[in-house]
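To start, the structure under review is shown below, and the notes come after it.
Both backbone and side-chain heavy atoms feed into the values below; hydrogens, waters and symmetry mates do not. Throughout, protein chains are lettered first and strands after them, A, B, ... in sequence-line order, and every chain is numbered starting at 1. Because the structure is predicted, anything quoted here is derived from the model rather than measured.
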Protein chains: 4
Amino acid sequence: MPDEPHPLHEPAPRWRRRKEARPQEIVAAAMDVFAERGFAAAKLDEVAGRAGVSKGTLYLYFPNKEELFKAVIRAAILPNLEEAERMLAADDGPSFALLERLLTMVAERVLTTRIAVVPKLVIAEAGNFPELAAFYHREVISRGFALLAGLLRRGIARGEFRPVEVEHTVRLIVAPLLFGAIWRSSFEAAVEGGPLDLRGLVAAHLDHLRRALRPEGGPS
Amino acid sequence: MPDEPHPLHEPAPRWRRRKEARPQEIVAAAMDVFAERGFAAAKLDEVAGRAGVSKGTLYLYFPNKEELFKAVIRAAILPNLEEAERMLAADDGPSFALLERLLTMVAERVLTTRIAVVPKLVIAEAGNFPELAAFYHREVISRGFALLAGLLRRGIARGEFRPVEVEHTVRLIVAPLLFGAIWRSSFEAAVEGGPLDLRGLVAAHLDHLRRALRPEGGPS
Amino acid sequence: MPDEPHPLHEPAPRWRRRKEARPQEIVAAAMDVFAERGFAAAKLDEVAGRAGVSKGTLYLYFPNKEELFKAVIRAAILPNLEEAERMLAADDGPSFALLERLLTMVAERVLTTRIAVVPKLVIAEAGNFPELAAFYHREVISRGFALLAGLLRRGIARGEFRPVEVEHTVRLIVAPLLFGAIWRSSFEAAVEGGPLDLRGLVAAHLDHLRRALRPEGGPS
Amino acid sequence: MPDEPHPLHEPAPRWRRRKEARPQEIVAAAMDVFAERGFAAAKLDEVAGRAGVSKGTLYLYFPNKEELFKAVIRAAILPNLEEAERMLAADDGPSFALLERLLTMVAERVLTTRIAVVPKLVIAEAGNFPELAAFYHREVISRGFALLAGLLRRGIARGEFRPVEVEHTVRLIVAPLLFGAIWRSSFEAAVEGGPLDLRGLVAAHLDHLRRALRPEGGPS
DNA sequence: AATGAATGAGAATTCATTCAT
DNA sequence: AATGAATGAATTCTCATTCAT
């Protein structure tokens with residue numbers, strides 16, 4: 001253990017910090033490569049190259065390609081989901097405004113982070129890694145759906161929304177965001193005609209949702 | 001031999017017939033394997049095995065794995081799209097009823113045929129085969145979008161729909177069907193909790209759409 | 001046997017003639033392909049295509065690729081060698097003049113027929129087909145060398161040539177022709193700078209030979 | 001390990017050393033296999049086996065079979081040619097003596113090294129690898145011919161040789177050596193009757209050449 | 001005699017994983 | 001902790017050969 005020669009309170013020397021950051025650097029590089037190529041076509045050589053380490057080093061942190069893949073998925077998702085849960089727990093205002101903030105936040109993330117590739121990766125590999133699909137379903141989809149279902153039920157209870165079928169509506173709310181993520185990660189590069197106007201799409205979606213959720217005889 | 005419904009008095013031209021059927025048999029087997037594994041993880045050995053031919057035979061009909069993949073995508077898609085276009089061209093009734101029939105038909109196809117796997121495959125491999133993505137975009141997405149856009153514009157012109165932003169609305173209409181196809185091909189097998197109620201989802205979607213598209217001051 | 005309906009003395013119908021010519025047509029096509037690609041890289045598909053028959057037909061006349069190869073070598077060589085032997089047997093004139101006619105004839109053949117490729121083929125495949133090499137050595141090289149050795153010995157006995165070491169001289173006489181054949185079949189196509197002037201080369205060779213074989217104190 | 005002549009005090013950098021030697025070991029093994037089988041029939045499995053490495057290791061050093069083949073040709077040729085050029089540049093003695101030393105040296109190399117197989121390989125594969133043929137022509141044949149042409153012109157200018165046609169004579173000088181190389185690499189193994197007496201052949205060739213190049217009215 | 005669809009053994013190449021240093 | 005040389009199993013693709021028609 002020759003790497004702890006320094007007393008406390010001293011700024012950690014750069015290379016020590018790197019050492020601790022290694023796993024994250026590798027995960028970040030892997031995310032890029034998996035995003036571009038998919039799981040099977042991604043080469044660990046390339047991951048190592050982009051992470052600035054040797055191929056062997058990958059195996060110091062991840063037992064194999066599959067676990068690295070799972071780590072990528074987990075790393076991309078959990079912080080976002082936790083933030084969304086915090087947001088909903090902390091907000092007790094009008095339900096539609098909350099829905100609005102939620103969708104807008106997700107759209108922003110899809111546009112500005114690499115999280116958009118996660119659905120694509122999970123969709124593509126669900127058949128080859130059923131446990132990964134189950135994990136994703138349990139940790140991401142179910143939690144996300146539950147969160148939205150809670151929001152809807154609250155709005156219905158308060159009379160803000162008409163009494164829609166919650167389970168279906170949750171999926172209808174999510175679908176356009178999934179569409180956006182998939183578009184960004186699969187078609188944007190291969191297709192002319194400029195990027196998808198995801199902000200406009202979400203605005204239109206919210207416009208539709210407002211009308212669709214409006215209590216029957218209620219005010220516009 | 002077991003696929004011959006007219007047994008009598010025929011000189012049993014087994015081979016001739018097979019030769020003509022071979023490409024389709026291979027494409028069907030390939031569709032299954034690609035659907036289960038994705039492009040890269042699909043083994044031609046397995047395709048050959050399921051098609052009941054030897055590995056070499058694949059190469060009599062398709063020059064390589066990639067072309068076989070493209071043939072699978074094309075074979076799955078074109079007939080469906082053509083039918084949808086025929087349906088719309090032939091119908092001049094109320095626009096929402098037409099939309100209803102269209103979405104219902106697509107949902108039925110997603111539920112009862114293997115077409116649901118096509119989006120998953122294209123999404124997964126768009127990065128590795130940009131021309132495939134471009135082909136799919138051109139031949140499927142653009143045509144499908146154009147078809148829906150025409151329907152919307154007609155409805156707006158006739159006063160059946162409020163003047164929505166057509167391009168966004170097209171995507172909002174499609175998104176839940178994409179969600180359904182992806183769910184079926186990626187999560188249904190890996191997840192407990194029963195299959196997605198796609199018919200119910202589409203019904204709810206149509207319910208929402210009716211409200212969202214309803215002209216402003218129109219009848220409830 | 002529906003192919004003998006015609007009485008005698010009638011010109012054979014074309015397609016019957018073709019049938020008898022098949023083996024030679026195949027050998028001719030095979031010679032072209034082997035010459036271009038070598039044995040291993042030659043594809044029977046291509047041979048069949050150039051011969052205007054199907055792949056299966058090749059196997060009606062030749063049991064396998066190797067035998068077809070041998071047939072090509074044999075067909076190219078034997079007639080030429082027999083002619084040379086006839087030429088020498090029939091001629092009893094001055095030995096150098098005979099040598100002159102012999103080398104000139106061979107050079108003409110190398111320039112105007114496809115026989116030039118035979119040495120290249122045998123050289124290339126001797127390692128893979130030792131019996132072919134042995135056959136070629138026995139039937140072509142040995143016979144050719146014996147023929148030249150006889151000529152030299154006759155010239156020496158008659159005092160036309162100085163008493164050279166016959167075995168070496170035979171090889172020295174042949175080497176430039178081998179050079180010419182190899183050049184034509186291997187380098188001419190791949191190299192700029194125009195074809196080899198084989199006639200000039202043989203003339204120079206004969207000039208050198210006249211001087212080299214001239215009896216010691218003899219006339220210039 | 002057994003190839004280390006300085007055993008003491010060395011930190012036994014087995015691997016480092018091997019790494020540097022690997023390409024040459026592989027090229028040497030490949031030369032043997034290509035020599036025996038020709039390019040197409042050579043199996044990389046066998047090359048790897050003879051080099052004492054695994055198949056995959058070949059690809060660490062050479063991108064494919066073709067490049068390995070070219071490396072073999074290059075490795076065999078360049079040192080020899082450079083030496084011949086040095087020899088000529090350094091010698092200003094009688095031209096025929098120099099020619100004698102040159103041919104003798106080449107014959108020695110043909111007899112004692114594996115360089116004899118190079119012409120056979122190039123001849124065999126010129127049709128399949130025209131660039132290789134062009135490379136060989138440019139780097140070996142042209143340089144070799146230029147070297148001999150220079151020698152001849154010098155001898156003619158000095159009155160040591162009669163004014164022969166230089167371009168043809170160069171080829172006549174080379175042809176028996178080519179004959180020897182081809183014999184050794186293609187027929188010696190397949191044919192009874194003992195090896196070719198190449199030294200005797202070259203002696204006879206030089207004897208002929210002396211007479212053929214002797215100035216017209218010169219001394220015997 | 002002729003065809004050409006079908007076969008399957010065989011070869012080149014790739015790449016995740018290991019391990020001596 | 002890090003390296004990167006080495007491995008070899010796995011996979012695509014080729015092509016001589018067979019054989020039902």
Side-chain angles (χ1 to χ4, degrees), chain A residues 1-3 15-16 18-20 22 40-48 52-66 68, chain B residues 11-16 18-20 22 40-48 51-66 68, chain C residues 1-3 15-16 18-20 22 40-48 52-66 68, chain D residues 11-16 18-20 22 40-48 51-66 68:
Chain A
M1 221 77 78
D3 55 295
W15 71 269
R16 218 183 131 254
R18 296 214 69 199
K19 193 185 290 186
E20 274 149 23
R22 277 283 149 82
K43 292 174 220 171
L44 292 188
D45 247 346
E46 198 179 348
V47 172
V53 300
S54 78
K55 239 187 319 174
T57 300
L58 302 182
Y59 285 84
L60 296 177
Y61 297 100
F62 304 93
N64 55 42
K65 191 183 183 183
E66 191 173 332
L68 174 57
Chain B
R14 247 173 308 185
W15 267 37
R16 270 284 146 64
R18 303 233 58 196
K19 197 217 151 171
E20 275 145 27
R22 274 284 144 84
K43 289 172 230 167
L44 292 186
D45 248 349
E46 197 179 348
V47 172
V53 300
S54 75
K55 249 182 312 174
T57 300
L58 303 183
Y59 287 85
L60 295 178
Y61 298 100
F62 304 93
N64 53 46
K65 191 181 181 183
E66 190 174 334
L68 175 57
Chain C
M1 223 74 80
D3 56 293
W15 72 267
R16 217 183 131 257
R18 294 214 71 197
K19 192 186 293 184
E20 275 150 22
R22 275 283 148 82
K43 292 175 218 172
L44 292 188
D45 248 345
E46 198 178 348
V47 172
V53 300
S54 76
K55 239 189 319 179
T57 300
L58 302 183
Y59 285 83
L60 296 176
Y61 297 101
F62 304 94
N64 55 43
K65 192 183 183 183
E66 191 173 333
L68 175 57
Chain D
R14 246 173 310 186
W15 267 39
R16 271 282 148 66
R18 301 232 62 195
K19 198 219 152 171
E20 276 145 27
R22 274 285 144 85
K43 291 173 229 168
L44 292 188
D45 247 349
E46 198 179 345
V47 172
V53 301
S54 76
K55 247 182 315 173
T57 300
L58 303 183
Y59 287 85
L60 294 178
Y61 299 100
F62 303 94
N64 54 44
K65 191 182 181 182
E66 191 173 332
L68 175 57

Measure the distance from [atom1] on [X] to [atom2] on [N] and round it to the nearest whole Å.
X: B:R22; N: E:dA6; atom1: CZ; atom2: C1'; result: 8 Å
X: A:L58; N: F:dG4; atom1: CG; atom2: P; result: 12 Å
X: D:F62; N: E:dA12; atom1: CZ; atom2: P; result: 15 Å
X: D:E46; N: E:dA11; atom1: CD; atom2: C1'; result: 13 Å
X: B:K65; N: E:dT14; atom1: NZ; atom2: C1'; result: 12 Å
X: C:D45; N: F:dA16; atom1: CG; atom2: P; result: 7 Å

Practice problem: Examine the base of F:dT17 for any acceptor or donor lying under 3.5 Å from a partner atom in the side chain of C:K55, and report the outcome as yes or no. | Solution: yes
Quiz item: Mapping B:L44 and D:L60 onto DNA chain F by nearest heavy atom, which one lands closer to the 5' end?
Solution: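 Taking each residue's closest nucleotide, the earlier one in sequence belongs to D:L60.
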Exercise. Report the residue (B:V53 or D:T57) whose heavy-atom-nearest nucleotide on DNA chain E is the more 5′ of the two.
Key: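 That would be B:V53.
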Quiz item: For D:A40, which contact category applies under a 4.0 Å heavy-atom criterion: base, sugar-phosphate, or nothing?
Solution: nothing
Practice problem: Check every strand shown and say whether D:A48 touches a base, only sugar-phosphate, or nothing at a heavy-atom separation below 4.0 Å. | Solution: nothing
Exercise. Tell me whether the OP1 or OP2 atom of F:dC19 has a side-chain N or O from C:Y59 closer than 4.0 Å.
Key: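 Result: no.
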Quiz prompt | Side-chain donor or acceptor of D:K65 paired with backbone N/O of D:K43 under 3.5 Å | solution = no
Quiz item: Is there a Watson-Crick or G-U wobble partner for E:dT21 with both distances under 3.5 Å, and if so, which one is it?
Solution: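 Base-paired to F:dA2.
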Quiz item: Closest approach of D:A41 and C:A40, non-hydrogen atoms and distance?
Solution: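 Between these two residues, the closest heavy atoms are N-CB, 4.5 Å.
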Quiz item: Got a second to check how far D:N64's CG is from D:L58's CG, nearest 0.5 Å?
Solution: 11.5 Å
Practice problem: Calculate, to the nearest 0.5 Å, the distance between atoms CG and NZ belonging to A:L44 and A:K55 respectively. | Solution: 8.0 Å
Quiz item: Picking from F:dA5, F:dA2, E:dT3, which would you name as closest to the side chain of A:Y61?
Solution: F:dA2
Practice problem: Compare the minimum distances between each of E:dC15, F:dC15, F:dT7 and the side chain of A:K43, then state the nucleotide with the smallest one. | Solution: E:dC15
